[in-house]
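In what follows, a structure is listed as structure tokens, so that the remarks can point back to it.
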Protein chains: 2
Amino acid sequence: MVKSLANEFSYKDKKVITIGIVKELTGLSERQIRYYEERKLIFPERTSGGSRRYSFADVEQLVEIANKIEDGVQTYEIRQEMIREKKRNDEAAHKKMIQGQLNARFGVRKY
Amino acid sequence: MVKSLANEFSYKDKKVITIGIVKELTGLSERQIRYYEERKLIFPERTSGGSRRYSFADVEQLVEIANKIEDGVQTYEIRQEMIREKKRNDEAAHKKMIQGQLNARFGVRKY
DNA sequence: AAACAATGTTAGGTTTCCTTACATAAATGT
DNA sequence: ACATTTATGTAAGGAAACCTAACATTGTTT
């Protein structure tokens with residue numbers, strides 16, 4: 001229970017989808033998709049030639065963004081939320097790592 | 001236990017990957033990828049404009065094909081194997097369906 | 001009123017993809 | 001042995017998909 005992590009990563013996070021497909025999957029216009037990137041809400045990779053490549057996780061993220069915007073939330077707000085959320089995640093991950101190191105040094109007992 | 005099927009389908013089988021990315025992921029040439037399609041070993045979808053779109057499952061399939069070909073197996077052979085395998089699967093699925101209908105009519109008891 | 005946000009549209013240019021055809025070495029069939 | 005098939009490369013010409021930059025528009029903040 002730990003090794004499965006590398007596998008989870010595989011499909012959902014691999015950046016393999018073109019903007020045209022993202023457009024189909026989300027119903028957003030290319031303009032919107034690129035604009036949300038400009039506002040730092042989404043971070044596609046690029047091919048050597050400069051074309052954007054998205055992951056399924058990105059697609060889901062885009063749908064969430066679109067919903068918030070429909071609810072009148074501005075991209076700036078959404079960005080702040082994302083930053084706060086990331087911080088929380090990083091802290092949780094950090095805590096877990098420290099815990100792991102302690103376990104490695106002093107062993108664990110599960111009752 | 002059954003409804004999860006729709007989800008499993010999501011990432012692995014969705015046809016969203018262009019041939020250029022497939023080439024990167026597999027290390028095969030575009031020529032090879034198209035040839036294996038010509039030999040009916042792989043079945044990408046097409047966009048309205050005619051561009052091929054592959055799934056992650058297709059990518060894995062392509063890697064398997066490439067390995068067999070490296071081992072000297074011909075595309076014709078591989079195709080026969082695939083047909084045999086498909087038949088086995090269909091039969092298993094059919095059997096399961098019949099079983100399900102029987103269960104629906106006469107009920108099931110799990111001891 | 002001025003500035004900003006969100007989106008559409010247009011233009012010109014690159015990248016990526018498509019099919020068809022010809023070429024070839026190696027394997028297979030007869 | 002000779003003909004055919006397999007597997008792959010490569011080239012040409014064209015179409016689809018993508019890119020950036022710029023200008024326009026309609027609301028919303030400030």
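Residue numbers begin at 1 in each chain, while the letters A, B, ... track the order of the sequences.
The CD1-C1' distance, from A:Ile33 to D:dT20, rounds to 16 Å in whole Å. For the pair B:Lys23 NZ and D:dT10 P, the interatomic distance rounds to 10 Å; values are reported in whole Å. The CD-P distance, from B:Glu37 to D:dT8, rounds to 15 Å in whole Å. Atom CZ of B:Arg31 and atom P of C:dT24 are 15 Å apart (whole Å). Taking atom CD of residue B:Gln32 and atom P of nucleotide D:dG9, one finds them 5 Å apart after rounding to whole Å. Summarising the geometry, the separation between OH on B:Tyr76 and P on D:dT6 is reported as 10 Å, rounded to the nearest angstrom. Distance, A:Tyr36 OH to C:dG8 P: 8 Å, rounded to whole Å. Rounded to whole Å, atom P of D:dT5 lies 18 Å from atom CZ of B:Arg79.
A salt bridge links B:Arg34 to B:Glu30: one of the charged nitrogens lies within less than 4.0 Å of a carboxylate oxygen. A salt bridge does not link A:Glu37 to A:Arg31: none of the charged nitrogens lies less than 4.0 Å from a carboxylate oxygen. Salt bridge A:Lys68/A:Glu81: present, at least one basic N to carboxylate O contact under 4.0 Å.
Contact annotation: B:Arg39 reaches the phosphate of D:dT6 (side-chain N/O to OP1 or OP2, under 4.0 Å). The phosphate of C:dA27 (OP1 or OP2) has no side-chain N or O of B:Gln74 nearer than 4.0 angstrom. Distances shorter than 4.0 Å separate none of the side-chain N or O atoms of B:Tyr35 from OP1 or OP2 on D:dT8.
Surrounding CZ of A:Phe43 are more than 12 heavy atoms belonging to other residues, nucleotides or ligands, all under 6.0 Å away.
To the nearest 0.5 angstrom, B:Glu60 atom CD is 8.0 Å from A:Ser10 atom OG.
In terms of heavy atoms, A:Leu28 sits closest to A:Lys23 at O-CG, 3.2 Å. A:Tyr11 and B:Lys12 make their closest contact through OH-CE, 3.5 Å (heavy atoms, listed as atom of the first residue, atom of the second, distance). Taking each heavy atom of A:Glu77 and A:Arg84 in turn, the nearest pair found is OE1-NH2, 4.5 Å.
Across its full length, the helix from C:dA1-D:dT30 to C:dT30-D:dA1 shows an angle of 30° between the axes of its 5 terminal pairs at either end, rounded to 10 degrees.
With sequence neighbours left out, the ring pair (Phe, Tyr, Trp, His ring centres under 6.0 Å) criterion links A:Tyr35 to no other residue.
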Please tabulate, one pair per line, each protein N/O and nucleotide N/O from nucleotides 16-20 of chain C that are separated by under 3.5 Å, including the distance.
unit_1 : atom_1 : unit_2  : atom_2 : d
C:dT16 : OP1    : A:Thr47 : OG1    : 2.9
C:dC17 : OP1    : B:Thr18 : OG1    : 2.9
C:dC17 : OP1    : B:Gly20 : N      : 3.0
C:dC17 : OP2    : B:Gly20 : N      : 3.4
C:dC18 : OP1    : B:Arg52 : N      : 2.7
C:dC18 : OP1    : B:Arg52 : NE     : 2.9
C:dC18 : OP2    : B:Arg34 : NE     : 3.2
C:dC18 : OP2    : B:Arg34 : NH2    : 2.8
C:dT19 : OP1    : B:Arg46 : NH1    : 3.1
C:dT19 : OP1    : B:Arg46 : NH2    : 3.2
C:dT19 : OP2    : B:Arg52 : NH2    : 2.1

